[in-house]
Amino acid sequence: MRGNTPRHLILSCQQLNKTQHPGKLLDGQVSEVAMKIGQKVRVRRLRDRVPQDVVKKLGATGVISQYKVVDGKGIGLLVQFEDKYSTWFFEDELETIG
């Protein structure tokens, strides 16, 4: 899932982070992101098997700090929690709050 990412997708994601605005990836892989950097979110579910430190974040709230290409086809959301721990999630694993 976190294998080699084509350079054009990395650059696309870097551009998203610079503009802080959701957008589309190139090369026919379209990925819309509804959530924005700075938005407060709650972890509502976990899609995959993950380490225990991530499982402990289920139900926790944090702030989206940046976008991340996660599998070469989509965009993940890097969430920073109050305890300064951060990790990425798929958009459908999060819910906006406040």
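This chain uses plain numbering: 1 for the first residue, then up along the sequence. Predicted model, so just to flag it, every value in this text is computed and none were measured.
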### side-chain contact (heavy atoms from CB on, under 4.5 Å) partners for Q80, two or more places apart
K84, S86

Contact between [X] and [Y] at the side-chain level, heavy atoms closer than 4.5 Å - yes or no?
| X | Y | answer |
| --- | --- | --- |
| Q39 | V63 | no |
| V43 | F89 | yes |
| L94 | R42 | no |

Exercise: identify the closest heavy-atom pair between [X] and [Y]:
| X | Y | answer |
| --- | --- | --- |
| L78 | W88 | CD1-N, 3.7 Å |
| I64 | M35 | CD1-CB, 3.6 Å |
| Y67 | K36 | OH-CA, 3.4 Å |

### Task
Name all residues meeting the side-chain hydrogen bond (donor to acceptor under 3.5 Å, both in side chains) criterion together with R45; count only those two or more places apart in sequence or in a different chain, and write none if there are none.
D92

### Backbone of R44 reached by a side-chain donor or acceptor of E93 within 3.5 Å
no

### Message
Strictly distance-based, threshold 3.5 Å: is any side-chain N or O of T96 a donor or acceptor partner for the main-chain N or O of V41?
### Response
no

Show me the donor-acceptor pairs within less than 3.5 Å that the side chains of residues 52-60 make with the rest of the protein, sequence neighbours left out.
residue : atom : partner : partner atom : Å
D53     : OD2  : Y85     : OH           : 3.0
K57     : NZ   : D83     : OD1          : 3.4
K57     : NZ   : D83     : OD2          : 2.7

### Query
OG1 of T87 to NZ of K68: how many Å apart, nearest 0.5 Å?
8.5 Å

